[in-house]
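Order of the sequence lines fixes the chain letters, A, B, ..., with proteins taken first and strands second; residue numbering starts at 1 for each chain. Quick caveat, the model's predicted, so the values are computed rather than measured.
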Amino acid sequence: MPELPEVETIKRGLTRLITGKHVSGVEFDTLKSFPNSMADVDNFLINSKITDVKRRGKALTIDLDTGYSLVIHLKMTGQLVYRADKVNFGAGHPTDSLINALPDKSTRVTINFTDGSRLYFNDQRKFGWMRLHPTVFVPDIEFFKKLGPEPLEKDFSWQDLKSRLASRQRTSIKAALLDQTVIAGVGNIYADESLWGAKIYPGTTVGALKDSDIKRLHASLINVLTLSIDRGGSTDRNYVNAEGKKGSYLEFANVFRRQNQPCPRCGTIIIKTRLAGRGTHYCPHCQVMKSALV
DNA sequence: CACTTGACCTGTCCGC
DNA sequence: TGCGGACAGGTCAAGT
């Protein structure tokens, strides 16, 4: 579910909501959601203070004053929702239907703070996880070591994108964008949206892209990711921010989930197909096929 | 190595 | 209304 803009939105919310809070207790259901030992939880999480919240790619890191960090990946359906109130409103409460019944059957982990507030980790499909890791060794986790550069870092240039793509010449540009070792944080929504913005057919072979194509793609990626963060991310199904609210970017999306609708640029009907194992949306008129796979 | 496919899970939607 | 199959925003392991 959450891609870079969604995780960034959650990160900003959590920074504001939980920094400085003290953990008083933790409940979790399965070892898959929280694969640390109870001893680790007791020694490094309980009674700890939250010192910082960070994002790298689609992963979150919550630093604690015990020298440990909570590393979190939400995968497809994970949610991190903070609630200050102690009262459960129950189903049907008008203020916030998405989170009014937390915890629910998708709640994997509940972190209680000393002031009575709570952080819920909900995950319908159970793909996501959170785990404790020594803070200084977080960068050594294999996922982070292999991760490509952050596309919204100021020094990320089109030449950087070109060099990251250099080892993926024979695959499609869509598959390359989804590969987190090429660049960090792009998922299915923003791959389709950025390729539409750059007028590149998603099945185009990376090796067939010219410098001018890569320049447009670089600009389009930054544009789309930045706009989505401004809109609070995309809610297709499950995504909510740290306060349980949906994002509005999909209202501004140009191709994603817009199959059978006219392209905003040229009016041609948008196609949905399957590429790199994923649903893929594009305009068959303005996203030109060059040397293409599929 | 580069590249593709299936598995991990639950829920929902669509066609019969 | 019921049932089977396809599909869903991500990553891995295992295959070619």
Side-chain angles (χ1 to χ4, degrees), chain A residues 1-10 29-35 55-60 71-80 98 104-108 121-131 141-148 163-195 202-207 221 224-225 228-229 231-241 246-253 255-260 272-281 292-294:
Chain A
M1 155 176 112
E3 307 179 32
L4 188 156
E6 291 74 36
V7 180
E8 177 64 21
T9 302
I10 293 169
D29 64 346
T30 66
L31 285 175
K32 190 179 171 194
S33 300
F34 204 141
R55 178 193 62 77
R56 177 81 173 91
K58 300 171 191 169
L60 281 165
V71 182
I72 304 166
H73 203 301
L74 299 171
K75 293 289 181 81
M76 300 279 263
T77 56
Q79 305 171 327
L80 277 176
L98 269 171
D104 63 21
K105 64 177 175 179
S106 297
T107 302
R108 310 298 166 203
F121 171 37
N122 263 39
D123 187 11
Q124 181 183 91
R125 290 171 75 177
K126 301 181 182 175
F127 290 170
W129 44 260
M130 68 169 50
R131 72 174 62 117
I141 295 172
E142 209 54 29
F143 176 83
F144 289 119
K145 271 187 7 194
K146 292 187 300 186
L147 206 49
S163 72
R164 298 302 300 178
L165 290 169
S167 63
R168 311 300 312 276
Q169 293 293 296
R170 298 169 57 92
T171 192
S172 66
I173 184 60
K174 165 110 186 196
L177 286 175
L178 293 175
D179 184 341
Q180 301 299 292
T181 70
V182 174
I183 51 170
V186 178
N188 208 31
I189 297 176
Y190 304 106
D192 283 5
E193 289 294 305
S194 63
L195 288 167
T204 306
T205 312
V206 172
L221 271 169
V224 161
L225 294 172
S228 183
I229 292 172
R231 303 297 175 192
S234 298
T235 296
D236 184 25
R237 289 184 164 75
N238 299 284
Y239 166 73
V240 291
N241 68 17
K246 299 182 178 189
S248 70
Y249 174 82
L250 278 195
E251 296 167 27
F252 303 86
V255 283
F256 191 82
R257 289 277 164 130
R258 301 247 182 236
Q259 62 270 27
N260 305 321
K272 179 178 182 185
T273 181
R274 204 157 180 84
L275 199 63
R278 318 297 302 277
T280 298
H281 314 72
L293 300 165
V294 185

Q.
By nearest atom, which of the nucleotides dC7(C), dG10(C), dG11(B) is closest to the Gln124(A) side chain?
A. dG11(B)
Q | side-chain N/O Thr171(A) vs dT4(B) OP1/OP2, d < 4.0 Å | A | yes
Q. Given the side-chain rings of Phe256(A) and Tyr249(A), with only the six-membered ring counted for Trp, is the space between their centroids under 6.0 Å?
A. no
Q.
Measuring from the side chain of Lys146(A) (C-beta onward, heavy atoms only), which nucleotide among dG10(C), dC12(C), dA8(C) has the closest atom?
A. dC12(C)
**Q.** Is_stacked (Phe127(A), dC8(B)) at 5.5 Å, 30 deg
**A.** yes
Q. Closer than 4.0 Å, any side-chain N/O of Arg278(A) to the OP1 or OP2 of dT5(B)?
A. no
Q.
Using a 3.5 Å distance criterion without hydrogens, assess whether the side chain of Gln79(A) forms a donor-acceptor pair with backbone atoms of Val240(A).
A. no
Q. What is the base-pairing partner of dC9(B), counting Watson-Crick and G-U wobble geometry with both distances under 3.5 Å?
A. none
Q) Taking OP1 and OP2 of dG10(C), is either one under 4.0 Å from a side-chain nitrogen or oxygen of His73(A)? A) no
Q.
Would you compute the distance between atom CD of Glu251(A) and atom CZ of Arg231(A) and round it to the nearest 0.5 angstrom?
A. 9.0 Å
Q. To the nearest 0.5 Å, how far apart are CZ in Arg258(A) and NZ in Lys272(A)?
A. 13.5 Å
Q) Base, sugar-phosphate, or nothing for Asn188(A), non-hydrogen atoms under 4.0 angstrom? A) sugar-phosphate
(Q) Between dT11(C) and dT12(B), how many Å separate the two C1' atoms, rounded to a whole number? (A) 23 Å
Q) Between dT10(B) and Lys75(A), is there an OP1 or OP2 to side-chain N/O distance shorter than 4.0 Å? A) no
Q) Distance check: side-chain N/O of Lys105(A) vs OP1/OP2 of dT10(B), anything under 4.0 Å? A) no
Q. Looking only at side-chain N and O atoms, does Gln180(A) come under 4.0 Å of OP1 or OP2 in dG10(C)?
A. no
Q.
Counting only side-chain nitrogens and oxygens, does Arg125(A) get under 4.0 Å of the OP1 or OP2 atom of dC8(B)?
A. no
